[in-house]
Amino acid sequence: MRYDLVIFDNDGVLVDSEPISNRLLAAYLTELGHPTSYEDSIRDYMGSAMHRIHDLILERTGQRLPEDFDDVFHARVFAAFERELRPVTGVAGVLEKLAADGVPYCVASSGSHARIRVGHRTTGLDRWFAEERIFSSEDVGRGKPAPDLFLHAAERMGVAPERCVVVEDSPLGVQAAVAAGMDVYGFTAMTPAARLEGAGELFSDMGELADLLI
């Protein structure tokens, strides 16, 4: 194994949540008077922490989103997760192999702790992620594309950044990992490879990841 720690993004990498959450985000922003298509949401917000959504809307329109925006959005997302969410195909096999081989891994997500846990519980991935393996942008001052979250995860896991590899599917996540001095493997199932510039390896089938990490 060439790395001492594998850091997984969550949405789109562990759980197949991006189509659900971006559909709901686009609909909610449009409902609030900020016309947004599903494609717009994927392009502008995929992989970002909630504060980035607030910042971009304010920057573009001069208007602030409602104070209860996060709570309403998360309630809608969590309800949809309970009905629709599935694990990314092949990821359970990757986690099983890492665990069997004794390779340390964790998740570092722009999503809240509550969102991570709802997704893992719904998909059965909670068996692989004890509390000490879960890190959220809530834990740091700045979310992706800042490197803070990945550096925090590496520090808490006791591994130097240069010995870490990040598995990401968003341009913001790739930027954050590169800024943290970590290698990045870009998952292209939903994101065109050209948008993951900076990733050292690109793959479209999660079942390929275990062999790539060796």
Side-chain angles (χ1 to χ4, degrees), residues 1-22 42 46-47 77-78 80-136 144 149-150 153-154 156-159 161 163-174 176-177 180 182-193 195-196 198-214:
M1 180 71 185
R2 69 177 86 168
Y3 300 104
D4 295 334
L5 177 65
V6 181
I7 303 176
F8 290 94
D9 175 42
N10 188 57
D11 294 292
V13 171
L14 296 177
V15 295
D16 194 16
S17 54
E18 295 291 10
I20 299 171
S21 58
N22 282 283
I42 291 287
M46 182 172 157
V77 168
F78 293 172
F81 279 4
E82 297 286 355
R83 297 189 304 268
E84 305 174 40
L85 190 62
R86 299 291 183 271
V88 168
T89 301
V91 78
V94 174
L95 295 170
E96 185 173 0
K97 180 167 177 50
L98 291 177
D101 293 346
V103 177
Y105 63 89
C106 65
V107 57
S109 172
S110 292
S112 66
H113 278 282
R115 176 180 172 130
I116 297 167
R117 284 165 175 75
V118 167
H120 287 190
R121 185 178 67 250
T122 303
T123 59
L125 293 183
D126 52 345
R127 64 177 292 205
W128 304 107
F129 289 93
E131 185 78 21
E132 62 271 15
R133 294 183 187 269
I134 299 176
F135 304 98
S136 160
K144 306 169 188 178
L149 176 57
F150 290 138
R156 290 289 299 275
M157 296 293 291
V159 178
R163 297 296 305 156
C164 299
V165 62
V166 175
V167 184
E168 265 287 356
D169 72 329
S170 76
L172 294 176
V174 171
M182 302 176 180
D183 284 355
V184 197
Y185 285 11
F187 184 42
T188 62
M190 272 194 65
T191 309
R195 295 199 66 212
L196 298 181
E201 297 277 357
L202 295 170
F203 67 105
S204 60
D205 182 342
M206 189 57 70
E208 304 170 6
L209 179 60
D211 290 336
L212 288 174
L213 292 171
I214 297 173

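Note that this is a predicted model, so its numbers are computed, not measured.
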- Message: Could you work out, with side-chain contact (heavy atoms from CB on, under 4.5 Å) as the rule, every residue matching R86, not counting sequence neighbours?
- Response: none
- Query: So, for A180 and P161, which heavy atoms are closest and what is the spacing to 0.1 Å?
  - Reply: O-CB, 3.4 Å
- Contact list for residues 204-214, test salt bridge (Lys or Arg N to Asp or Glu O under 4.0 Å), sequence neighbours left out: none
- Query: What is the distance from atom CZ of F8 to atom CE of M206, rounded to the nearest 0.5 Å?
  - Reply: 7.0 Å
- A199 versus V174, closest heavy-atom pair with distance: N-CG1, 3.8 Å
- Item | Qualifying residues under side-chain hydrogen bond (donor to acceptor under 3.5 Å, both in side chains), relative to E96, sequence neighbours excluded | none
- Measuring from E84:CD to I20:CD1, what's the distance to the nearest 0.5 Å? 4.5 Å
- Item | side chain to side chain contact (heavy atoms under 4.5 Å, CB included) between W128 and H120, worked out | CA-CA 9 Å; W128 304 107; H120 287 190; over 6 Å; no
- Message: Going by ring pair (Phe, Tyr, Trp, His ring centres under 6.0 Å), name the residues that satisfy it together with Y3, two or more places apart in sequence or in a different chain.
- Response: none
- Task: List the steps, then state whether side chain to side chain contact (heavy atoms under 4.5 Å, CB included) holds for K144 with D9.
- Result: CA-CA 11 Å; K144 306 169 188 178; D9 175 42; 3.1 Å; yes
- Taking the side chain from S110 and the backbone from G47, do they hold a donor-acceptor pair closer than 3.5 Å? yes
- Rounded distance (nearest 0.5 Å) linking atom CZ of R121 with atom CD1 of I116: 13.0 Å
- Message: Does this structure show an ion pair linking R2 with D183, if we count only N-O contacts that are shorter than 4.0 Å?
- Response: no
- Query: To the nearest 0.5 Å, how far apart are OG in S21 and CD1 in I42?
  - Reply: 7.0 Å
- Item | Under the salt bridge (charged side-chain N to carboxylate O under 4.0 Å, His left out) test, residues paired with D126 that sit two or more places apart | none
- Query: ring pair (Phe, Tyr, Trp, His ring centres under 6.0 Å) with Y185: which residues, sequence neighbours excluded?
  - Reply: none
- Message: Taking S136's backbone N and O only, do any of them form a donor-acceptor pair with S109's side chain (distance below 3.5 Å, no angle check)?
- Response: no
- At what distance, to the nearest 0.5 angstrom, does CE of M46 lie from CG of D169? 3.5 Å
- Enter the distance from T122:OG1 to R83:CZ here, rounded to the nearest 0.5 Å. 11.5 Å
- Would you please name every residue forming a ring pair (Phe, Tyr, Trp, His ring centres under 6.0 Å) with F187, sequence neighbours left out? F203
- Message: Looking at every heavy atom in both V184 and A177, which two are closest together, and how far apart are they?
- Response: CG2-CB, 3.4 Å
- Task: Kindly give the heavy-atom pair with the smallest separation between M157 and E132, and that separation in Å.
- Result: SD-O, 3.7 Å
- Residues pairing under salt bridge (Lys or Arg N to Asp or Glu O under 4.0 Å) where one sits in residues 101-117, two or more places apart or in two chains, turn out to be D11-R115, K97-D101, R117-E131
- Could you pull out all residues at least two apart from F81 that satisfy ring pair (Phe, Tyr, Trp, His ring centres under 6.0 Å)? none
- Task: Could you tell me which residues satisfy side-chain contact (heavy atoms from CB on, under 4.5 Å) with T123, sequence neighbours excluded, listed by chain and number?
- Result: V15, L85, P87, L125
- What are the two closest non-hydrogen atoms of I7 and A153, and how far apart are they? CD1-CB, 4.5 Å
- Is the ring centre of Y105 less than 6.0 Å from the ring centre of F129? yes
- Note on the structure: Residue set satisfying salt bridge (charged side-chain N to carboxylate O under 4.0 Å, His left out) with R195, at least two apart, ordered chain then number -> none
- Query: Considering residues, nucleotides and ligands other than R156, do more than 12 of their heavy atoms fall under 6.0 Å from its CZ?
  - Reply: no
- Using side-chain contact (heavy atoms from CB on, under 4.5 Å) as the criterion, list what pairs up with A154, not counting sequence neighbours. C164, M182
- Going through the checks in order, is the side chain to side chain contact (heavy atoms under 4.5 Å, CB included) test met by H113 and I134? CA-CA 8 Å; H113 278 282; I134 299 176; 3.8 Å; yes
